[in-house]
Number of protein chains: 2
Amino acid sequence: MENLDFINKLRNSGLRPTKQRIKICEALFNTDKTFHFTVNDLAEIMQKNFNEKISLATLYNTVHAFKKKGYVKEISLGNDKSYFDTNVSFHHHFFDIRTNELTDINSNEIELKNIPNPPKGKSIKEIDVVINVENDSQ
Amino acid sequence: MENLDFINKLRNSGLRPTKQRIKICEALFNTDKTFHFTVNDLAEIMQKNFNEKISLATLYNTVHAFKKKGYVKEISLGNDKSYFDTNVSFHHHFFDIRTNELTDINSNEIELKNIPNPPKGKSIKEIDVVINVENDSQ
DNA sequence: TATTTAGTTTATAATTAATCTAAAGTAGAA
DNA sequence: TTCTACTTTAGATTAATTATAAACTAAATA
């Protein structure tokens, strides 16, 4: 993707195409690979790989703005940290409880049978399956 | 359950039966109902229902000691908080994304078919299914 | 192109959950 | 009882996240 594409993508969704946001788009969306990251991870990536020092506050704002627009997805784990995922399609995860490493599982690789009825008056928004793993040697 | 039972339970598992731990046992295990709580919730319960002011540090220590002994279970959610559960059997949860309310789902109410193979060299420790719900009117 | 203005970025402070520390307290063994 | 090791406590610390207010900048307007 070209910078211009990111600029249009941002503009079309009502986000001003600032220098910082464009760079963050490059970091997150300029590849086919899925990224799993915390905001802190992203800060390091911007610094090391892009030589851009963007303040944490801006990174939090931008990641949350992107989440609101559906460009990234927040992942539910039992950690004290929030993980984000550039794969916004419905899918699940392996989670390495030692290294905190995440691996995608396609939604069609897991079949949920007999989903129980939600409590009265409530409806299902999303189902998250987390398969916690660790090294065999542990 | 009698206090003496809790004292023995604690002693048998190598935990000193202190006044604070016995009271916490009463609060958590003196009922058939399942409790879902954060350490902060527990602090309020001890204060309001038992008129015991126990320091947060002690509550953290005790809950983690109980977790290590398998008396409570830590639950993985996408929150910034750690939830604990007095239902230590293998089961899943509804999670109300507005109110943070948890509801148990018996493990036999959900059937997982086609669990994919974990990444090479890793083995599965636990599977957590969280069904996120919210009120119909939202 | 210069000016305006509304949204953005930044450094810094504030907040929150959780953990650590070191002193005081207490259970249980001798 | 006395002693010792473990426990509790208040208060400090850490780490993730959010709020604030001043400086900045994109883009609309003149």
Side-chain angles (χ1 to χ4, degrees), chain A residues 3-4 6-27 36-47 50-69 71-72 74-84 100, chain B residues 3-4 6-27 36-47 50-69 71-72 74-84 100:
Chain A
N3 263 6
L4 195 56
F6 292 132
I7 292 175
N8 286 330
K9 177 177 180 163
L10 288 167
R11 218 189 300 264
N12 292 338
S13 56
L15 297 171
R16 280 199 185 166
T18 63
K19 188 162 66 81
Q20 290 85 345
R21 286 177 175 163
I22 296 165
K23 281 284 174 191
I24 293 170
C25 280
E26 283 184 51
H36 298 114
F37 61 96
T38 66
V39 170
N40 216 57
D41 294 337
L42 185 55
E44 287 180 15
I45 289 167
M46 296 316 297
Q47 180 66 266
F50 292 83
N51 214 42
E52 294 280 336
K53 190 173 69 60
I54 301 177
S55 76
L56 274 179
T58 299
L59 291 170
Y60 275 102
N61 287 340
T62 304
V63 169
H64 281 119
F66 284 7
K67 178 189 167 189
K68 195 177 279 180
K69 297 297 178 186
Y71 301 154
V72 300
E74 193 164 2
I75 300 173
S76 295
L77 295 172
N79 238 351
D80 49 345
K81 293 170 204 155
S82 276
Y83 289 81
F84 295 88
N100 286 4
Chain B
N3 264 6
L4 194 57
F6 292 132
I7 291 175
N8 287 328
K9 178 178 180 163
L10 288 168
R11 219 188 301 265
N12 291 338
S13 56
L15 296 172
R16 281 199 185 165
T18 63
K19 189 162 64 82
Q20 291 85 346
R21 285 176 176 166
I22 295 164
K23 281 284 174 190
I24 294 170
C25 280
E26 284 184 50
H36 298 114
F37 60 96
T38 65
V39 171
N40 216 57
D41 295 337
L42 185 56
E44 288 181 13
I45 289 166
M46 297 314 297
Q47 180 66 266
F50 293 82
N51 216 41
E52 294 280 336
K53 190 171 67 59
I54 302 176
S55 77
L56 276 179
T58 298
L59 290 170
Y60 276 102
N61 287 341
T62 304
V63 168
H64 281 118
F66 285 7
K67 178 189 166 188
K68 196 177 277 178
K69 297 298 178 185
Y71 302 154
V72 300
E74 192 163 2
I75 301 173
S76 295
L77 295 171
N79 240 349
D80 48 346
K81 292 168 203 155
S82 278
Y83 289 82
F84 295 88
N100 286 4

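The CZ atom of A/Arg21 sits 11 Å away from the P atom of C/dT10 (whole-angstrom rounding). With rounding to whole Å, B/Leu59 atom CG is found 12 Å from C/dA18 atom P. Here the C1' atom of nucleotide C/dT9 and the CD atom of A/Glu52 are 13 Å apart, to the nearest Å. In this structure, B/Leu42 atom CG and C/dA18 atom C1' are separated by 15 Å, rounded to whole Å. Atom CD1 of A/Ile22 and atom C1' of C/dT9 are 14 Å apart (whole Å).
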Would you check, one step at a time, whether the test side chain to side chain donor-acceptor pair (under 3.5 Å) holds for A/Asn100 with A/Tyr83?
CA-CA 10 Å; A/Asn100 286 4; A/Tyr83 289 81; 3.2 Å; yes
Check the pair A/Asp41 / A/Thr38 against side chain to side chain donor-acceptor pair (under 3.5 Å), numbers first and verdict last.
CA-CA 5 Å; A/Asp41 294 337; A/Thr38 66; 3.2 Å; yes
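Between the side chain of B/Lys23 and the main chain of B/Glu52, no donor-acceptor pair closer than 3.5 Å is present. Not one N or O on the side chain of B/Arg21 forms a donor-acceptor pair closer than 3.5 Å with the backbone of B/Thr62.
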Readout for nucleotides 20-30 of chain C: B = base within 4.0 Å of protein heavy atom, S = sugar-phosphate only, - = neither; 5' to 3' it is B-----BBS--
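For the atom pair NZ (A/Lys19) and CD1 (A/Ile24), the distance works out to 11.0 Å, reported to the nearest 0.5 Å.
Protein chain B contacts DNA chain D from D/dA5 to D/dA10, reading 5' to 3' and using non-hydrogen atoms of the protein with a distance under 4.0 Å.
At a threshold of 4.0 angstrom between heavy atoms, the contacts of B/Leu56 with the nucleic acid are absent.
A/Cys25 is listed as a side-chain neighbour of A/Phe66, based on a closest heavy-atom distance under 4.5 Å. Residues B/Phe84 and B/Val39 form a side-chain contact, since some pair of their non-hydrogen atoms from C-beta on lies under 4.5 Å apart.
Between A/Ser55 and C/dT10 there is a side-chain polar atom (N or O) within less than 4.0 angstrom of OP1 or OP2.
Not counting sequence neighbours, A/Tyr60 has no partner by the side-chain hydrogen bond (donor to acceptor under 3.5 Å, both in side chains) test.
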